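Accompanying notes for the structure given below.
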Amino acid sequence: MSDYLARLNPEQRLAVETLDGPLLVLAGAGTGKTRVLTTRFAHILLTKRAWPSQVLAVTFTNKAAREMRERIAAMLGGPAEGLWLGTFHALGARMLRRHAALAGLEPGFSILDTDDQLRLLKPLMQEAGLDLHRFPPQALMARIQRWKDRGLTPARVTPADDDPDFVQGHARALYAAYQQRLAAVNAADFGDLLLHATEILRNHPDVLAEYHRLIRYILVDEYQDTNLVQYLWLRLLAQAHRNICCVGDDDQSIYSWRGAEVENILRFEQDFPGARIVRLEANYRSTAPILAAAASLISHNEGRLGKTLRPARPGAEGEADGEKVSVIGLHDSDEEARMVGLRIEALRTAGHSLAEIAILVRASFQTRPFEERLIAWAIPYRVVGGLRFYERAEIRDAVAYLRATLRPGDDLAFERILNVPKRGLGDAALRRLREKARADEVPLAAVTDALAGRTKEAFSALLAGFARWREILRRDGSVLCLRAILEESGYAEMLEKDRSPEAPGRIENLKELGRALAEFETLEGFLDHVSLVMENDENAAGDRVSLMTLHAAKGLEFDTVFLPGWEDGLFPHQRALEEGGTKSLEEERRLAYVGLTRARSRAIVSHVANRRFYSGWQSAFPSRFISELPEDAVEHSGSALLERETALKSPPVFANVFSSPVRFPLVRDAREERAAPIAVGARVFHQKFGYGTVTGSEADRLVVDFESGTKRLLSSFVDPA
DNA sequence: CGTCGTCTTATTTTT
DNA sequence: TAAGACGACG
């Protein structure tokens, strides 16, 4: 028997070897899901049931796709080429490029980012006479996205899907107009990639048949996070041979806000009659207390498919059941950050690798106090999934230049860089260009005789530039073209002159863009890569603490996981409590479950009594999730311990906590306590200025002598030394 | 047309 | 608080 099969446990093996017919693998956290998927893929190939190009494997993130590709390559003993392996969006794009005409697009269509989308939508809303203050374009955009998530083209949107009160009942008409504009500028937004692809399969049986011939096996990762279009797309592709294997965990469904429908996984058996279900329940990752905590927490959700994780970690028994989950109450977020920093230091001293430590937060703004603390103590860290590489302004600018060079009709790209760097083509010039372009029915870059004087010259110079860059692109390739653009457009000069601290980083980013560009044969391929895949992996290497949102942590694991900010109103989030009812609360709980199950050996949950909120402070109660953890797997400690106990017994008035400035008497205010002991003559510590001596005070301000000089600052910025 | 200052407003989660 | 929008001035 093949040794790759021998390495699996019986349930995993069943999941790998059940090749014919629909199969749902319910894989709990840490049960070897990725291993099953990749082994299954390799098994299909090694048993010669299909060629690599006949298997379609879909993941949610690029990271997962990359990891799968690497693992498969390792199992096959060579690079895995020609696979249909990627994210839903990447595969959708690939499909759409092949059949662009069927969606009313040219094959070289652009993929828009959110800026472009709004720039397209805004004027349409204005034309409809909508007040953009009362109806934010983002809100309508979100509505359109949700429709796309559900596979609804404008024609398919029924009055039942529409809300007559929203944007004065214009939503559907604006959606149709928006789609027309997209086609007019030969562009697709993110949602279109799957919507168009699915629509093509629905409307063109010949194309569908082609894919049925082409693709024999389908593998789907994170099935619990698929939305309706993704489901429709998969079902269409799978309907001929029905060899579809979906792997997922309903307890880890955390993307409903993005249109994901847990129902997809819950009704798999009805969708694919005769489907088999395999449950993976042996958890190889976490200690018994962590699993007990996670299990107890998630048991408060209803409507689960039901799985019981059992500890199977090698040596789990030998480690005396492992450390209990720590729950620590603290006074405020700064203290929380200090606690985490101290513990990280202690772990480091004890020989733990920083790469095995993660801080997982609910919302991205929470990362700040931790970053400040880690910087102050010189603990290397990385923020995972923050600003993506492609989302940085300079990258978008450079890409817009490339897009406008490659596609003279790409008005959105052209508009973006028209006056970047400043060349005297401001709002007024743009307005005139737009009017003329509209009247003459030509792209912006083809407008003539719309401007006069200086602006005219600047515009001609820019057009001459593009003509030159197009020539360079054709003759010398994209890398030299990019270099010419940056030099000749004045963009490089603009950055060099920029004395702000970010400027050097921006220049670095552009160099990185050039390096990435060099790896692509065509500019078209590169542009797709950039909008679909490109990630920010600087800092990826090295021994660093990982700092990220809970959402970004799915699929990862660490020895030690810090879970700060478990307070009602923050986690579960206020909006989940106010809107969406039980469903949202359950999703928050699944998020907590995901967080806990990232930990192999240690999980440290913390909550604070006072959290920074805009400029002021708000008191907060411990998260209700904390009381859902089993007492015997948890150890409580911390300076806010008493408050926690009182708070948990108090009536549930949580909804008011964040929206009103009420201070609950049972929660001590960290400010008052801190402010008192700092008197004239006291030694204090400041994050930036270091140690100093207080020489005076007035109201809430202190006068402090630092080595670098005397400062007047808010007492809240210094700590007693 | 561009710059500077004031004012507002926002904090979920992202392919 | 802090970043972004917007309006008044040069």
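Just so you know, these numbers come straight off a predicted model, no measurement behind them. Keep in mind that the numbers below use all heavy atoms, side chains included, and drop hydrogens, waters and symmetry copies. Convention: sequence-line order gives letters A, B, ...; per-chain numbering from 1.
Rounded to whole Å, atom C1' of B:dT11 lies 10 Å from atom CD of A:Gln366. Atom pair A:Glu372:CD and C:dT1:P shows a separation of 13 Å (rounding to whole Å applied). One interatomic measurement links the two molecules: CG of A:Asn227 to P of B:dT15, which rounds to 14 Å at whole-angstrom precision. The separation between A:Ile111 atom CD1 and B:dT15 atom P is 15 Å, rounded to whole Å. The interatomic distance linking A:Gln117 (CD) with B:dT14 (C1') rounds to 12 Å, in whole Å. The nearest whole Å value for the distance from the CZ atom in A:Arg590 to the C1' atom in B:dT12 is 15 Å. Rounded to an integer number of Å, the gap from A:His551 NE2 to B:dT13 P is 9 Å. Rounded to whole angstrom, the span from the CG atom of A:Leu112 across to the P atom of B:dT15 amounts to 18 Å.
A:Trp257 qualifies as a stacking partner of the B:dT13 base, centre to centre under 5.5 Å and near-parallel within 30°.
For the pair A:Asn419 and B:dG2, the criterion of a side-chain N or O lying under 4.0 Å from OP1 or OP2 is met.
In this structure, A:Ala428 reaches the sugar-phosphate backbone alone: every heavy-atom distance under 4.0 Å involves primed, P, OP1 or OP2 atoms, never a base. Using a 4.0 Å heavy-atom criterion, one finds that A:Arg368 contacts the sugar-phosphate atoms exclusively. Across all strands shown, A:Asp113 has no heavy atoms under 4.0 Å from either base or sugar-phosphate atoms. At a threshold of 4.0 angstrom between heavy atoms, the contacts of A:Ala90 with the nucleic acid are absent.
Side-chain contact of A:Gln179 with A:Asp192: a donor-acceptor pair under 3.5 Å is present, judged by distance alone. Side chains of A:Glu371 and A:Tyr381: a donor on one and an acceptor on the other come within 3.5 Å.
Residues passing the salt bridge (charged side-chain N to carboxylate O under 4.0 Å, His left out) test with A:Glu628 are A:Arg589, sequence neighbours excluded. Judged as a side chain to side chain contact (heavy atoms under 4.5 Å, CB included), and not counting sequence neighbours, the contacts of A:Arg304 are A:Asp250, A:Asp251, A:Ile298, A:Asn301.
The gap from the P atom of C:dG4 to that of B:dT13 amounts to 15 Å, rounded to the nearest Å. Comparing C:dA5 with B:dT12, their C1' atoms are spaced 23 Å from each other, to the whole Å.
The backbone N or O of A:Gly565 lies less than 3.5 Å from a partner atom in the side chain of A:Glu336, making a donor-acceptor pair. Remark: the backbone N or O of A:Ile254 is paired with a side-chain donor or acceptor of A:His551 at under 3.5 angstrom. In this structure, the side chain of A:Gln366 engages the main chain of A:Ala363 through a donor-acceptor pair within 3.5 Å. Distance alone, capped at 3.5 Å, is enough to place a donor-acceptor pair between the A:Asn264 side chain and the A:Thr226 backbone.
With B:dT15, B:dT11, B:dT14 as the candidates, the nucleotide lying closest to the side chain of A:Thr87 is B:dT15. Out of B:dT12, B:dT11, B:dT15, the shortest distance to the side chain of A:Arg362 is found at B:dT12.
In this structure, A:Glu588 and A:Leu430 both approach DNA chain B, and ranking their closest nucleotides by distance from the 5' end singles out A:Leu430. Map A:Lys422 and A:His89 each onto its nearest nucleotide of DNA chain B; the residue landing nearer the 5' end is A:Lys422.
Taking a 4.0 Å limit (strictly below) on heavy-atom distances, residues 450-460 of chain A does not reach DNA chain B anywhere.
For B:dT12, the base has no donor-acceptor partner in the side chain of A:His573 [N/O atoms by modelled type, under 3.5 angstrom].
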